[in-house]
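Below is one structure, written out as structure tokens; comments come after it.
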Amino acid sequence: MSGDNGIAAGAAPGAATATAGDGRSMLQVSGLHKRYGKLEVLRGIDLSVDRGGVVVVMGPSGSGKSTMLRCLTFLEKPDAGRVRVGDVTIDVDDHDADINGRIRQVRRNVGMVFQHFNLFPHKTAVQNVMEGPLVVRRMPEAQARELAVGLLAKVGLADRADHYPSQLSGGQQQRVAIARALAMEPQVMLYDEPTSALDPELVGEVLAVMKRLAKDGMTMVVVTHEIGFAQDVADRVIFMDGGVIVEEGEASQLFSAAREERTRRFLGLIKREPGGG
Amino acid sequence: MSLMVSSFSYLAEASLMTVFLSVVSIAFGLVLGLLAAVVRVAKVPVADPIARVYISVMRGTPLLVQIFIVYFGLPQVGLVFGPITSAIIALSLNVGAYLSESFRAALESVDRGQMDAALSLSMTYWQAMRRIIVPQSFRTALPTIGNSYISLLKDTSLVSVITVQELLRAASVVIARTYRPLTLYVEAAAIYWVLSSAFSLLQQRVERMASKHVRR
């Protein structure tokens, strides 16, 4: 396997935007490694996302996409590498007293949306959205509620505020989850296959909310196989395989004329899926 | 039959002590059990092995022996407790160990994504535990908590041997006077049964209420 060469080659076209400390990028990842026992899941990921940029990450299952997202906020602890979000930098090798404080700072600045929504089932929609502002931002209850109601309206669920997750459809739950993440006023939003657990007819409403956020200038990294979304919204599409970034480029370029055989083969497969277009 | 009637108010009064012992002990036991469970799930250094030994000892020795150690044993090292206090100490420690195992299973059954979501909101581990994980585990643990309470209610009869004036001891007192063990023990049994049945009904209500919004 030419894994490590793969990154170098793949990252080269984006090198201009990927230089460290260029002052423009909102999210910067370098040299991210992660292994589970003998299995190397991430073998050196370098990634930079500009302020307001939307990056779509694709790749076969097991390619490390989800692990990469989870490593960005240290839900999984990477084995090596460095992550910067806005002004906060965490190096895995940091052992200072405040490393946990910085991890929480990064989490505060990064909103995460999960494949299975992970809403709190014992709380209503509005309580789910209020939870972060109340507990972490220490916002007064009335203010948190106002914020939460506003965000629910933004994702089209003003009339569902007092419903429990079990009373909502998958698409509605995912939109509540997006509102919950937004309530922390993040600088970056990460989406881990946000529509893969949804019935096909519910995918559109979630993608529509995400598109609107992107248009409003939110910086986003989206792991998804929704080619249509990538074409409409992504500034850049990244193809991952075997724990490395194999290739990256503009959606139109990647989908019509990928350089790497692996990328072409994978895209050929997902284009044939009914839900893939 | 007339003896049953004439002794009823005496036994009923003593059964208040039974209820008191069980309610106070389950309250302490819940706190203790939750604490021990959280400490184990979070693998808190030092506290985790202590909790482990506590649970193992309490579950691996007879409750009667535990009662004797608290009431007859501890005075030897200068710790003297009255019968009721001793009873509550022994019963709480005992039921706490069983409850901690229920809580631990319940805590571990909460979907991992819940902790992920809470941490992603930048909560600390303990905030996530308190606000998200523990409340959900209560719901899962509710049926086993109920079962533990019913066991405890009956186990309070053991403290009659350290002279606590509860239901069984009251029955024994009347038997000593009347030599009618069958009547009195059946009467005591009936009262235990009514108490636990009443509690079972209450438990079903609470469980229905608690699971109203959760479909899993």
Side-chain angles (χ1 to χ4, degrees), chain A residues 66 69-70 72-76 85 88 100-125 127-138 162-168 173 176-177 180-186 189-192 197, chain B residues 30 34 37-39 41-45 47 102-146 203-216:
Chain A
S66 291
L69 285 195
R70 295 175 60 84
L72 293 185
T73 56
F74 285 71
L75 285 181
E76 286 320 321
V85 177
V88 187
N100 288 325
R102 285 208 303 286
I103 288 174
R104 281 220 308 287
Q105 190 66 45
V106 163
R107 285 177 182 162
R108 195 175 158 153
N109 294 338
V110 175
M112 183 96 177
V113 175
F114 301 90
Q115 182 177 358
H116 297 287
F117 332 134
N118 300 358
L119 289 180
F120 306 132
H122 58 306
K123 292 177 184 290
T124 61
Q127 286 170 339
N128 265 275
V129 182
M130 288 166 70
E131 188 67 8
L134 277 180
V135 178
V136 178
R137 298 174 66 192
R138 309 229 171 257
D162 294 321
H163 286 54
Y164 282 87
S166 62
Q167 300 166 320
L168 299 172
Q173 289 189 53
V176 173
R180 177 176 68 177
L182 291 175
M184 296 303 289
E185 292 174 0
M189 287 283 283
L190 307 180
Y191 298 83
D192 188 5
Chain B
L30 283 170
L34 182 59
V38 167
V39 149
V41 170
K43 297 192 175 61
V44 178
S102 316
F103 275 129
R104 189 164 66 101
L107 287 169
E108 280 168 354
S109 77
V110 175
D111 184 67
R112 193 191 155 179
Q114 293 291 308
M115 181 55 91
D116 286 346
L119 293 180
S120 293
L121 292 175
S122 191
M123 287 191 205
T124 65
Y125 179 82
W126 293 109
Q127 283 172 335
M129 270 291 184
R130 189 165 51 81
R131 308 262 325 173
I132 306 301
I133 310 296
V134 168
Q136 290 185 58
S137 74
F138 253 100
R139 199 165 304 188
T140 322
L142 221 44
T144 43
I145 293 173
Q203 184 191 357
Q204 283 168 19
R205 285 235 168 139
V206 172
E207 273 172 36
R208 252 203 313 273
M209 255 164 52
S211 58
K212 209 151 102 192
H213 300 297
V214 183
R215 238 192 284 140
R216 267 178 181 269

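We use all heavy atoms of the structure for the numbers below, so side chains are in, but hydrogens, waters and symmetry mates are not. Protein chains get the first letters and strands the later ones, always in sequence-line order, with residue 1 at the start of each. This is a predicted model, so every value here is computed, not measured.
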Worksheet item: A/L190 versus chain B, heavy atoms under 4.5 Å apart: side chain, backbone, both or neither?
Response: neither
Worksheet entry | Minimum heavy-atom distance between A/H122 and B/R131, given as atom pair plus value | NE2-O, 3.2 Å
Fill in: Contacts of type side chain to side chain donor-acceptor pair (under 3.5 Å), residue A/Q105, not counting sequence neighbours
none
Response to the item:
Note: vs chain A, highest number of non-hydrogen pairs under 4.5 angstrom among B/S120, B/A117, B/S122 is B/S122
Item to complete: Heavy-atom distances under 4.5 Å only: say whether A/F114 touches chain B with side chain, backbone, both or neither.
Response: side chain
Practice prompt. Kindly indicate whether the side chain of B/D116, heavy atoms from C-beta on, has any atom under 4.5 Å from the side chain of A/R70.
Written response: yes
Discussion item. Side chain to side chain contact (heavy atoms under 4.5 Å, CB included) for A/E131 and B/I132? Distances and angles first, verdict last.
Written reply: CA-CA 10 Å; A/E131 188 67 8; B/I132 306 301; 3.9 Å; yes
Fill in: Part of A/V113 lying under 4.5 Å from any heavy atom of chain B
neither
Worksheet item: What is the minimum heavy-atom distance between A/V136 and B/Q127, and which atoms define it?
Response: CG2-OE1, 4.5 Å
Item to complete: Find out whether B/P135 and A/K123 are in side-chain contact, i.e. whether some heavy atom of one side chain is under 4.5 Å from a heavy atom of the other.
Response: no
Fill in: Minimum heavy-atom distance A/R104-B/M123, with the two atoms named
CD-O, 3.9 Å
Worksheet item: Given that the side chain runs from C-beta out, which part of A/Q127 has a heavy atom under 4.5 Å from chain B: side chain, backbone, both or neither?
Response: neither
Discussion item. Please evaluate residues A/R107 and B/L121 with respect to the criterion side chain to side chain contact (heavy atoms under 4.5 Å, CB included), reporting the C-alpha separation (whole Å), side-chain torsions for both, the decisive distance (0.1 Å), and the verdict.
Written reply: CA-CA 6 Å; A/R107 285 177 182 162; B/L121 292 175; over 6 Å; no
Worksheet entry | Set of salt bridge (charged side-chain N to carboxylate O under 4.0 Å, His left out) partners for B/R130, sequence neighbours left out | none
